[in-house]
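Order of appearance sets the numbers: ligands from 1, and atoms from 1 within every ligand. Note that the numbering runs from 1 along the sequence shown for the chain.
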Amino acid sequence: MADVDAALDAAGLTNPHVREYVKYWAGITGAERVEVVGADDDARLVQEALDAGELQPVTGGRTYSRSYIKDTARAEERTIVATSDESDKGLYNNWQPSDQAKENYLSLVQGASEGKTMYVVPYLMAPQGSPLEKFAAGVEITDARTVVLHMIRMARVGVNYINELAEPDHFVRAVHVTGDLPNLGQGTPDDKRYFYTIADERTILHFGSSYGGNALLGKIAHGLRLASYDGWKNGFLVEQFLLLGVKDKQTGEVHNIVGGFPSASGKTNLSMTLAPDTLGDRYEIEFYGDDIAWLWPGEDGRLYAFNPEFGVFGVARDTNEKSNPTAIDAIQPGTGTIFTNVAYNEKTQEVWWEGKTKEHPTDLDGWLDWKGERIADRSPETADEAWAHPNSRFTTTMANVPNLAEGYANPAGVPVDAIIFGGRTRDREPLIRSFTDVAEGVYDGLTLGAEATFAADGLEGVLRYDPMSMRPFMSYGEGDYAQHWLDVLGKTTEKPIFAHVNWFQRDPEDGHFLWPGFRENVRALVWLIESKNGLVKGNPTPVGMIPTKDELLLEGLEIEPGDLDTLLTIDIERWKQEIGYREEHLKQFVGLPEEIWEAHRRVAADIDAA
Ligand code: GDP
Ligand code: PGA
Ligand code: MN
Ligand code: MN
C-alpha cells in the first residue's frame, strides 16, 4: 500500500482537496506507489518507458508506442454522461443517473491498480490568466505511464496549476484505470469498458482503454465533454473546433476562424496548413488550435475564443511533405514526438504510415506493422493490409508547430470572425457556402451530416448527423444545446459570419476527390474573409452564397474544370431530399428552439422555390 502523504509531500502538492481525492482513489484501486508528475519529469519518464518496453525509440529522440489491437479509437457507445438530473438526457450523451455510474465504476476498479504506480497529473486546460481559468484545472490520476507522457505534451502539467486555486476545491477529478485490456470483451455484448463523465460533479471515471481519445482525460473528457456542460451552466461554449488566423501579409490584418469538423475530417491539417505557393506571398495561416475551442462573448461585443490544449494529437495517415509540410516539421527529430500505431522499423528506428511516401519502403528488413507483426513474414492473403492503423497518431507539443500564432497563450483569447462547419460529405455540399444569419448558422451546425471516420470504433464510412461535430462529446440535451448557442451568440453585437465547407466531395463514378484539398483549402478561407469584408459578392443559393469562379483565387490550382463546376453548384434535387432527412433528424431533439425550426422552414421553402 502506497504512502500517499509522503509522495504528495515530496512533490510539494499542498492543496488539501487534491490530497484527499488522491488518497481516496489510491485506497480504492490499491495502487502500490503514488507519484506526482510535472512537465519536468518528461525525460526521466520517457527513459523509464523505454526501459520497460512501453515505448520504442525513434530516431531523433522521438518514441513509438503500439496499443492493444482492440484499443485504437474512441468508443462512443461506451461513453456515458451521468448527472443527478434526468432532464440532462439527450439523444447522444447516453445519459445515466450518477449513482448508478459511480457504483458500477467502483466495482470495476476495486483493487485494479495493485502492484502498479498511480501517477498524479495536475493540469490546466487554458492559457494561464484566462477568464475561464476557473473551469480549466484538473487532476488526472492514471496507472499508465504512456498516458502521462501524452498528457505532458497535450496539456499544461505541474503542481503549480493546482496548489493555488482561488477555490481550492474547484478542480476536475479525472480517474483513469487502464484495466486488463486483453480481457475486456471490446465490441462484444460483454464489453467491460466504461467511460463516465459525472458532469454535475465535475468528475471523470474512465475504465478500459489507454487510447488517447479515451485516456487523455484533460483533453477530451474534461476539455471538451465536461467543459461543455460547465459552459452551458456558466455562459460559454465549448466545441470540437480548430482555431486559426488568416493573416494578410500585405495589410497585416488577421481574421480568426473556428471550424467544427468531425474527428479525422481535417481540423489539424487546416490549422497547420501552408498557403499554396501562388498565394504564399500574401496569406499565411496562424495556428491557435486544432481540436478544441472555448468561446465566450467578450465585453466589446465580439465572440472570443482560445484553445485549452498545449499540443497536437494528429492523424498520421497522408501526412507528408506535400500535403502538410508544417505538420512534418512539427514531428521531426528533436520534437519529442510520440507516434502511436504507425509502422515501426526495429532496426533503423524509423516510422512509416500510408501516405507518408507514395510507396512503402522497399527494403522490408526490420519493419513491423502497427500490430507488431513482421512485414517480411506476411502471407499473400495479408500482403495488402495497411502497415499503419488508419487512426495512427502523432503527439507533439504546440511549441513544435512552425505556424504557431504569437498570441496563442494570450489569456484574453482572440476575436472570432467566422464559424465554419464541414465534414466528409461525398455529395451535395459544395466547396464552401456562407451565410450571416445566426439562427441559420446554428441550424447548419446542428444538421452537419458527414461520413463517420476511423477515429471512432466500428463506424468508418457511416453517414450520420454530427451536430457541430460534437456528437461524441455532447454532455446535455440537444434542444438546450441549441438554445445555449443562440444565447451566447445573442450576447454578441458583432456577429461572426458562418460557412459550410467540404473538401471531400467525390466523383460518383470513380470516387476521386473533386477538390485537391490540403493546402488548396486556403483558397476557400480567403474567399470567406473577402466575402465578410464585402470584397466579393458570391452567387446566392437557397443554402448560402457560393463563390463564383472569378472570385476564387485559382492561380496555380490543378483541377478538372468539370470538377470545379460541380464544387461550385448546388444540386437542388439532392437538397430537397436532404431537407426531408433533416426534418427527421431535428425532430429527435427535445425542446429545439422555435428559431431553429424557423431557419429550417426558411431554407426548405427557398429550396422548394429554386
Ligand atoms: P482532424 O482529426 O479533424 O484533425 O483531421 P486531420 O487533419 O487529422 O485529417 C484526418 C485525415 O483526413 C488525415 O488522414 C488527412 O490526411 C485527411 N485530410 C485532411 N485534410 C484533407 C483534405 O483537404 N483533403 C483530403 N482528401 N484529405 C484530407
Ligand atoms: P481529432 O481528435 O478530432 O483530431 O480526430 C481526436 C478525437 O476527436 O478523437
Ligand atoms: Mn477531435
Ligand atoms: Mn486533429
Side-chain angles (χ1 to χ4, degrees), residues 72-76 79 150 154 195 209 211-216 219-221 223-225 238-244 259-274 276 287 289-293 307-309 311-320 322-324 326-328 330-331 340 342 353-356 386 388-396 420-426 431-432 448 450-457 459-460 466 468-473 501-507 511-525 559 567:
T72 57
R74 276 186 293 96
E76 294 187 3
T79 302
H150 280 86
M154 296 304 297
F195 307 116
S209 169
Y211 167 69
N214 300 322
L216 306 179
K219 173 181 169 59
I220 288 182
L224 207 41
R225 198 172 288 122
V238 168
E239 304 297 327
Q240 181 179 220
F241 277 178
L242 64 84
L243 172 56
L244 61 79
F261 312 167
S263 303
S265 302
K267 296 181 301 299
T268 301
N269 273 276
L270 191 62
S271 54
M272 282 199 195
T273 200
L274 184 68
F287 178 98
D290 71 319
D291 197 38
I292 307 177
N307 167 20
E309 300 194 80
V312 176
F313 179 58
V315 174
R317 181 189 264 190
D318 286 332
T319 305
N320 60 55
K322 181 168 177 288
S323 65
N324 199 328
T326 317
I328 291 291
I331 59 176
T340 306
V342 297
W353 50 84
E354 276 64 29
K356 182 168 190 267
H389 189 279
N391 195 35
S392 55
R393 299 261 171 173
F394 55 79
T395 310
T396 186
I420 66 180
F421 298 109
R424 293 176 177 261
T425 312
R426 59 174 58 237
L431 179 66
I432 182 167
L448 167 53
E451 292 146 40
T453 66
F454 42 73
D457 260 338
L459 289 171
E460 189 173 357
D466 188 343
M468 314 268 185
S469 78
M470 283 293 281
R471 179 173 171 145
F473 315 109
V501 302
N502 183 20
W503 322 138
F504 298 95
Q505 193 172 158
R506 288 174 186 266
D507 182 289
H512 79 268
F513 290 118
L514 301 185
W515 177 250
F518 296 103
R519 293 175 62 184
E520 309 300 349
N521 299 338
V522 176
R523 299 176 195 271
L525 301 186
I559 190 168
L567 288 162

### Task
Looking only at distances, please establish whether an N/O atom of ligand 2 is found under 3.5 Å from an N/O atom of Ala264.
yes
### Contact check: Tyr211 vs ligand 2, nitrogen or oxygen atoms, below 3.5 angstrom
no
### Query
For Phe504, is the nearest heavy atom under 4.0 Å from an atom of ligand 1?
yes
### Query
Heavy-atom contact under 4.0 Å between Ile220 and ligand 2?
yes
### Task
Could you check atom 5 (O) of ligand 1 against the protein and tell me its nearest heavy-atom contact, residue, atom and distance included?
Gly266 N, 2.7 Å
### Task
Report the relative orientation of the aromatic rings in Phe504 and Phe513; use parallel for angles under 30°, tilted for 30 to 60°, perpendicular for over 60°.
perpendicular
### Query
Numbering the atoms of ligand 1 from 1, which are under 4.0 Å from a heavy atom of Trp503?
23 (O)
### Query
Which ligand 1 atoms are under 4.0 Å away from a heavy-atom of Thr268?
1 (P), 4 (O), 7 (O), 8 (O)
## Note on the structure
atom 20 (N) of ligand 1: closest protein heavy atom, distance to 0.1 Å, is Phe518 CE2, 3.6 Å
### Query
Are any of the heavy atoms in Pro390 under 4.0 Å away from ligand 1?
no
### Query
Which residue and non-hydrogen atom of the protein lie closest to atom 2 (O) of ligand 1, and at what distance in Å?
Ala264 N, 2.6 Å
## Note on the structure
Here the gap from Thr425 atom OG1 to Trp503 atom CH2, rounded to the nearest 0.5 Å, amounts to 11.5 Å
### Message
Return the closest protein heavy atom for atom 14 (O) of ligand 1 as residue, atom name and distance.
### Response
Arg317 O, 2.9 Å
### Residue portion contacting ligand 2 (non-hydrogen atoms closer than 4.0 Å) for Phe454
neither
### Query
With only distance considered, is Lys267 within less than 3.5 Å of ligand 1 through an N or O on each side?
yes
### Task
Starting from the Mn ion (ligand 3), count all protein N, O or S atoms within a radius below 2.8 Å.
2
### Task
Look up atom CZ in Phe518 and atom CG in Asn320, then write down how far apart they are to the nearest 0.5 Å.
7.5 Å
#### Entry: Numbered atoms and elements of ligand 2 in range of Phe473, under 4.0 angstrom, heavy atoms
8 (O)
### Message
Looking at ligand 2, is there an atom of it that comes within less than 4.0 Å of some heavy atom belonging to Phe261?
### Response
no
### Lys219, any N or O under 3.5 Å of ligand 2 N or O
no
### Summary
Note: ligand 2 atoms sitting under 4.0 Å from heavy atoms of Lys267 are 1 (P), 3 (O)
### Query
At a 4.0 Å threshold, what atoms of ligand 1 neighbour a non-hydrogen atom of Asn521?
23 (O)
### Under 4.0 Å to a heavy atom of Asp291 - the qualifying atoms of ligand 2, by number
1 (P), 2 (O), 3 (O), 4 (O)
### Arg424 near ligand 1 by a heavy-atom separation under 4.0 Å
yes
### Query
Which ligand 1 atoms are under 4.0 Å away from a heavy-atom of Asp318?
16 (O)
### Task
Provide, to 0.1 Å, the distance between atom 6 (P) of ligand 1 and the closest protein heavy atom, together with that atom's residue and name.
Asn269 ND2, 3.4 Å
### Query
Which bit of Glu76 is near ligand 2, meaning a heavy atom under 4.0 Å away: side chain, backbone, both or neither?
neither
### Message
Taking the six-membered ring of Phe454 as reference, does the cationic atom of Arg317 (NZ for Lys, CZ for Arg) lie under 6.0 Å from its centre and within 45° of its axis?
### Response
yes
### Query
Non-hydrogen atoms of Ser263 versus ligand 2: any pair closer than 4.0 Å?
yes
#### Entry: Numbered atoms and elements of ligand 1 in range of Pro262, under 4.0 angstrom, heavy atoms
3 (O)
### Query
Looking only at heavy atoms of Gly314, does any of them come nearer than 4.0 Å to an atom of ligand 1?
no
